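All values reported here derive from a predicted model rather than from experimental measurement.
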Amino acid sequence: MTLTPTTIINDGEGDNVKGNKNINKHESRLDEKKDLLCERLENKTHCIAKRMAVLTSGGDSSGMNPAIRSFARQAMLKGAKVFAVREGYNGLVNDSIVPLNWGSVAGIISRGGTIIGTARSTEFRTREGRKKAVFNLVKNRIDNLLVIGGDGSLTGANLLRTEWCSLLKELVDDGKLSLDVMEHFPMLSIAGIVGSIDNDMCGTDLTVGADTATRRILEAIDSILSTAVSHQRSFVIEVMGRNCGWLALASGVATGADYILIPESPPEDGWEQTMADNLEKGRLSGRRCSLVIVSEGAIDRQGKPITSAYVRQFLEDKGHDARITILGHVQRGGTPTFLDRYIATRMGIDAANYFYDSTAEQLNQPVLIGMSGMDTIRSPLMECVQKTQSIASLIKERRFNEVVDVRGGMFKEFYEIFIACSNLHRRKVESKGMGVLILHSGGPSPGMNPCVRAFTRLGIDHGYTMYGCFNGFGGLALGEIEQLQWMTVNGWSVMGGAELGTNRSIPNDSNIEDIIATLERYKINAILMFGGFNGYLGIAKLYEYREKYQQLKRISIIGAPGTIANNVPGTNISIGSDTSLNNTLDALDKIKQSAVASRRLFVVEVMGAHCGYLAAMSSLTSGAERSYIMEKGITLNTLTKDLDMFVERFKREHRIGLIIKSELASNTYSTHFIYSLFKEEGKHLFDVRESILGHLQQGGSPSAIDRIFSTRLMNHYYQFLEKDLKEHGHLQMNGCIGFIDGGIHYTSMPDMIEEMSDKFRRPRSQWWMDLVETSQNISVFPLDDPSSTNFDCSSNLSEQDRPIKKSDISSPTSYSQKTFDPNVNPQFTL
């Protein structure tokens, strides 16, 4: 329940003062344009604005700013008055609470850290400090609070909530608040988003900042590996993480490290010699360097800390030329990755929706906004916090098996994958006498080489004979096959491109008999095609040939998603798309910087063929005003409305505009046509440039997510094979595997074929389509957008909430900057 504009703050003499009745006088006045928007809405005759605040607390993490941006703007669209609490809980105690408008959060989606500041508050830990916090919230009539931080910050928020009524009563008894405050503010509603690079919280697959931190680690290790190989050195890398080993584990899997030390699974006694022996075996087998990754919270079985300095000294004593690198706070800074921007944006939007869409009973129970796969989930806040905090006790009691279980299934799975692929623990299985072959088909995709590495080593570990086929189905027909050994794929985890090669050929009447002859010659029992849409057409064609060639009925044929376009069936995401989107955002961030200086609108074309996933996701995570995709189409009416929108924005001294267009969004309205149209019509207000990003989206070293998720996909592939073999005595599964709802699922071949649209070369249904409108809504000020139809009449977005005042401009060539843009200054905070 929110308070009306009259106040309940006592002036100290016992009289209620209506001193704030004019604070929101502006809220009751809507301009003519806003009235027209409201008239188009149904059942919106009476509007009351909620008031909510956001704070960031504890250690910062990249992705906090995108969360602040999406929460603030979604809440404004819902009709809320939004406030920022500066410097964490210190801001609550000291009344450092400032209102936000639409422009307050402009330009921050690509900034690391938090523009509202963060701190650890000693005073808030006292009841007297929390009483001040309650008074300041009530003074600002705020009863909805979003907290972005770690488990300690979220625990503090819940404590404030549980003490809310008693603290209010004390304030009333002290004469600082009037009695009716108990009626107007019966509770404090809390939502939490985990902002932590450690990925140490239950209730979410990933925390905001963890992916960016992992990227920083991989960039450092990838650079270190080149000098380590040159000198045949051993490197000890210390990463952050406190009592959570996720960063060490993820970077260990992603870089192909030889050994990791994490607090959740301390090494057995005598681990030093085991580690040295394992490194020596690697050198004898052909490795020129060794890599040990140490989590800062690593301990042994007795709970004694294991330091990176100790590891280095032991290796030197054993004759290694060892070096140590402590990465430190470089892991916490920098531009957020695509995934951190995405999950932060989705979580922020869901937090705003929670405060508006929940019942009073639901609002009385604090929630944690988390991620499962690519979707947000809500969990009881304190259940997640208590489960997370129990880990420290389990470690102290040395119940390490339980610690790994509490961390979650994905943590446990990656640890098992690491010890298998690093040759630390191998299954004692006999050879099955079965050949399994991998090939690529379609365009190259970052993540193909890490996939082949995991495919090979996990397959050998399961007792299969591994083969790699060069150059797709064409190479299969020509017999271009090589057996893959353990060391064949050494070093592939960090490599972009595709060492096996790929092309777009598929089985046909002219080569099918050659393909079958090759499969029989090498005694292949299973084929894994890791690639794009052409590859899925290829395995569908092989499946079709089963009716004519009975030999194919004894072979399992499976497809796995390896394409930047994310346009294949049976999966929500494809390996390679994350790297591609990171490459795209890197380019867009640079483009936006150039546009700010010269008052420009950029029309940027991205890849994706007939699928608009790359355009939609890069638009959502870059702050682009518009995205054009084939699924939505482009019409002359759309272009006209968008032109009017950009004209309105640039009239008000906006310095930048960004349109992202999928390469095949329209056969008629090409990228150059759109550029020419906007350039001609906007010449008196803004300049226009076009940019086609091209194949830079396919290149580069694979991202952390593409490396570890391709590895995870291969692990599940063998689980499916083992299950199939156990149930039927031979391999017969045919279809595809992919990422769905946070897990990895198998789709049968008939269902896979049914889901494919051959005409448009994409799945018939795509989960992300609603995000196109979401991206547009939180990127464009509603009153600047003549096409806006979902604007809530209760919103406080008036003319004065615009980021910059209107001024007349005759030509962009004569334009000169009259003000500084604070959001581009990395040292700027609200």
Keeping [X] on the side-chain end and [Y] on the backbone end, is there a donor-acceptor pair under 3.5 Å?
X	Y	answer
R341	S110	no
R764	S757	no
E663	G608	yes
T204	G370	no
N65	G112	yes
N566	N572	yes
R216	G333	yes
R707	A254	yes
T255	S251	yes
K592	S622	yes

* Apply side chain to side chain contact (heavy atoms under 4.5 Å, CB included) to I349 and I778, showing your working. => CA-CA 9 Å; I349 290 171; I778 64 172; 4.1 Å; yes

Quick one: do the [X] and [Y] side chains pair a donor with an acceptor below 3.5 Å?
X	Y	answer
D340	T212	yes
S703	D578	yes
S619	S775	yes
N582	T337	no
E631	Q766	yes

Applying ring-ring contact (aromatic ring centres under 6.0 Å, His included), can you list everything that pairs with [X], at least two apart in sequence or on another chain?
X	result
F739	F709
F414	W246
H695	none
Y669	F673

Might you point out which heavy atoms bring [X] and [Y] nearest each other, and give the distance in Å?
X	Y	value
G623	R69	CA-NH2, 3.6 Å
S618	L581	N-CD2, 3.8 Å
V568	P763	O-CG, 3.3 Å
I708	V253	CG2-CG1, 4.1 Å
P450	M495	CD-O, 3.8 Å
Y613	A565	CB-O, 3.7 Å

* Asked: Run the side chain to side chain contact (heavy atoms under 4.5 Å, CB included) check on D758 and L537 step by step: do they pass?
  -> CA-CA 9 Å; D758 292 344; L537 291 176; 3.7 Å; yes

Could you measure the distance from the [atom1] atom of [X] to the [atom2] atom of [Y]? Nearest 0.5 Å is fine.
X	Y	atom1	atom2	value
I573	M617	CD1	CE	11.5 Å
I660	T671	CD1	OG1	11.5 Å
T711	F455	OG1	CZ	13.5 Å
N471	S505	CG	OG	8.5 Å
L528	L713	CG	CG	8.0 Å
R73	S104	CZ	OG	9.0 Å

* List the steps, then state whether salt bridge (charged side-chain N to carboxylate O under 4.0 Å, His left out) holds for K679 with E690. => CA-CA 10 Å; K679 183 177 179 64; E690 66 176 322; over 6 Å; no

* Could you name each residue pair satisfying salt bridge (Lys or Arg N to Asp or Glu O under 4.0 Å) that touches residues 564-575, not counting sequence neighbours? =>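 For residues 564-575, and leaving out neighbouring residues, there are no salt bridge (Lys or Arg N to Asp or Glu O under 4.0 Å) pairs at all.
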
* Asked: Between T584 and L614, is a side chain to side chain contact (heavy atoms under 4.5 Å, CB included) present by the stated rule, with each step listed?
  -> CA-CA 9 Å; T584 300; L614 292 180; 5.7 Å; no

Report yes if the side chains of [X] and [Y] come closer than 4.5 Å at any heavy-atom pair, otherwise no.
X	Y	answer
W102	P782	yes
L247	Q331	yes
R626	V780	yes
S627	V772	yes

* To do: List the steps, then state whether side chain to side chain contact (heavy atoms under 4.5 Å, CB included) holds for L677 with E681.
  => CA-CA 6 Å; L677 172 66; E681 296 299 324; 4.1 Å; yes

Of all residues at least two apart in sequence or in a different chain, which pass the side chain to side chain contact (heavy atoms under 4.5 Å, CB included) check with [X]?
X	result
S676	H672
S493	R453
T56	M64, I68, T114, I116, T118, I148
N637	T635, K641

* Asked: Can you name the residues that form a side-chain hydrogen bond (donor to acceptor under 3.5 Å, both in side chains) with E499, not counting sequence neighbours?
  ->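 side-chain hydrogen bond (donor to acceptor under 3.5 Å, both in side chains) list for E499, sorted by chain: empty.
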
* Tell me, which pairs form a side chain to side chain donor-acceptor pair (under 3.5 Å) where one or both residues lie in residues 343-352, sequence neighbours left out? ->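 Passing the test, one end in residues 343-352: Y342-R346, D350-R378.
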
* To do: Tell me, please, which residues at least two apart from R332 pass salt bridge (charged side-chain N to carboxylate O under 4.0 Å, His left out).
  =>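 For R332 the salt bridge (charged side-chain N to carboxylate O under 4.0 Å, His left out) partners, ignoring immediate neighbours, are D60.
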
